[in-house]
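Reading through the structure tokens given below for one structure.
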2 protein chains.
Amino acid sequence: MRQVETPRPPEENNRRMTLVRAAAVLFRDQGYERTTVRDLGNAVGMQSGSLFYHFRTKEEILVAVMALGITSTTEQLALALAAAPTLRDKLAALFRVHLNSLLGDNQAALEVMLYEWRSVSEAAKPGLVVLRDRYEALWQQVLEEAAAAGMVKQDTGLLRRTLLGSLHWTVQWYRRDGDLAVDALAERMLRLVLIE
Amino acid sequence: MRQVETPRPPEENNRRMTLVRAAAVLFRDQGYERTTVRDLGNAVGMQSGSLFYHFRTKEEILVAVMALGITSTTEQLALALAAAPTLRDKLAALFRVHLNSLLGDNQAALEVMLYEWRSVSEAAKPGLVVLRDRYEALWQQVLEEAAAAGMVKQDTGLLRRTLLGSLHWTVQWYRRDGDLAVDALAERMLRLVLIE
DNA sequence: GTCTATAGTCAGATAGAC
DNA sequence: GTCTATCTGACTATAGAC
């Protein structure tokens with residue numbers, strides 16, 4: 001049985017990290033395919049050829065962006081859950097952390113993870129799937145506790161998928177310059193799913 | 001005030017239509033950017049250069065695919081709503097029509113509409129937005145009736161967005177070879193949102 | 001309407017100097 | 001670690017024959 005290599009976000013190296021953060025914004029705004037290695041080099045003040053000292057291929061950059069997006073969100077959620085005193089607070093944390101990671105300032109990486117999946121090679125997918133599953137396991141655990149307490153409906157597997165779908169889709173319509181703050185949106189979305 | 005040109009799906013011309021249907025599948029499976037005009041020509045038994053007799057640019061094909069996806073779904077929904085005897089049946093129709101249009105056989109066009117938005121030029125967006133708004137207006141109307149009847153929560157604007165997000169996201173996880181039929185999934189998703 | 005041939009551009013990646 | 005220079009291939013779109 002082969003061990004699945006889970007890509008780590010490149011926290012250790014500063015130059016790599018700058019590049020990954022810049023790539024996240026470009027990939028989100030223009031899409032991975034439309035972003036050229038020249039664009040990437042430009043964004044960090046580097047010639048396009050120099051990128052390939054840090055990454056072997058353009059796709060390796062994409063995978064690094066995605067790994068960063070999902071792992072940092074997972075970490076934030078784990079912290080928020082540990083700090084939540086009540087089950088209601090835990091539920092609220094699910095929505096709040098996810099939306100802030102998607103819609104907050106300089107938070108492009110998770111969006112890339114969600115919307116550029118098709119450009120990831122088959123070889124790289126398993127590692128990212130492991131990271132995603134860790135994140136969704138946190139959701140599943142809280143939802144099951146909430147269902148047991150009668151706060152949400154019982155079909156928790158499907159509930160998790162529909163809720164995550166609802167949240168992911170916010171990037172398509174949410175406008176940061178509107179009146180609705182991210183935390184307020186999180187609260188309203190939570191209320192839609194709570195059984196009163 | 002300039003009239004917004006709404007792109008019509010190319011029902012009138014058979015050769016064009018064949019091309020649009022083939023393009024829908026390719027764009028869904030590989031993405032618009034990764035699909036070349038050679039791929040498109042191949043799929044309909046034509047040289048890549050010949051495509052440009054039917055369409056001026058590759059993007060024009062994308063727009064035609066999207067227009068087809070959203071208009072045919074809107075038509076199906078309008079028919080289903082007109083045939084629904086009760087409000088509960090109307091609600092069910094929203095879910096059933098949308099999921100069948102997304103996940104059913106040979107129904108690639110709506111998925112392209114949802115996931116290739118970034119590749120549409122600014123010039124072509126307004127026409128497609130009009131088509132999308134017509135579709136969402138049908139949803140909004142039914143949801144408001146349902147809210148007035150106490151069947152769903154009152155925050156119908158946000159409810160519409162979250163429900164559509166949930167449905168759109170199904171393409172990322174639904175497996176047609178699994179045990180769950182599309183109509184059964186629609187029913188379960190409806191139950192998650194109904195106030196009992 | 002469809003073909004062949006190709007123009008014109010730009011992509012990802014490499015090699016070797018510094 | 002970054003630069004310059006460049007290779008190689010692929011892309012969309014056009015032109016003109018049939």
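Every chain is numbered from 1, with letters handed out A, B, ... down the list of sequences.
Only one option out of W169(A), Y174(A), W173(A) pairs with R161(B) in a side-chain contact (heavy atoms from CB on, under 4.5 Å); it is W173(A).
A straight line from CD of E60(A) to P of dT14(C) spans 11 Å, rounded to a whole angstrom. Taking atom CZ of residue F55(B) and atom P of nucleotide dG1(C), one finds them 13 Å apart after rounding to whole Å. Protein atom OH of Y53(B) is 4 Å distant from nucleotide atom P of dG1(C), rounded to whole Å.
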Notebook entry, point to check: Going through the checks in order, is the salt bridge (Lys or Arg N to Asp or Glu O under 4.0 Å) test met by E116(B) and R34(A)?
Noted result: CA-CA 12 Å; E116(B) 295 291 349; R34(A) 296 169 93 93; over 6 Å; no
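Linking Ile, Leu, Val, Met, Phe, Trp and Tyr residues whenever their side-chain heavy atoms come within less than 4.5 Å places L131(B) and V120(B) in a single cluster.
How far CG of L114(A) is from NE2 of H168(A): 4.5 Å, rounded to the nearest 0.5 Å. Annotation: the span from E33(A) atom CD to L62(A) atom CG amounts to 9.0 Å, rounded to 0.5 Å.
Ring-plane geometry between W139(A) and F95(A) is classed as tilted, the angle between the planes lying from 30 to 60 degrees on a 0 to 90 degree scale.
At the phosphate of dC3(D), OP1 or OP2 sits under 4.0 Å from a side-chain N or O atom of S50(A). Dashed line: the shortest gap from a side-chain N or O of Q47(B) to OP1 or OP2 of dT4(C) is under 4.0 Å.
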Are there any protein N/O atoms within less than 3.5 Å of an N/O atom in nucleotides 8-13 of chain D, and if so, which ones and at what distance?
from    : atom 1 : to     : atom 2 : distance (Å)
dT12(D) : OP1    : K58(B) : NZ     : 3.0
dT12(D) : OP2    : V37(B) : N      : 2.9
dA13(D) : OP2    : K58(B) : N      : 2.8

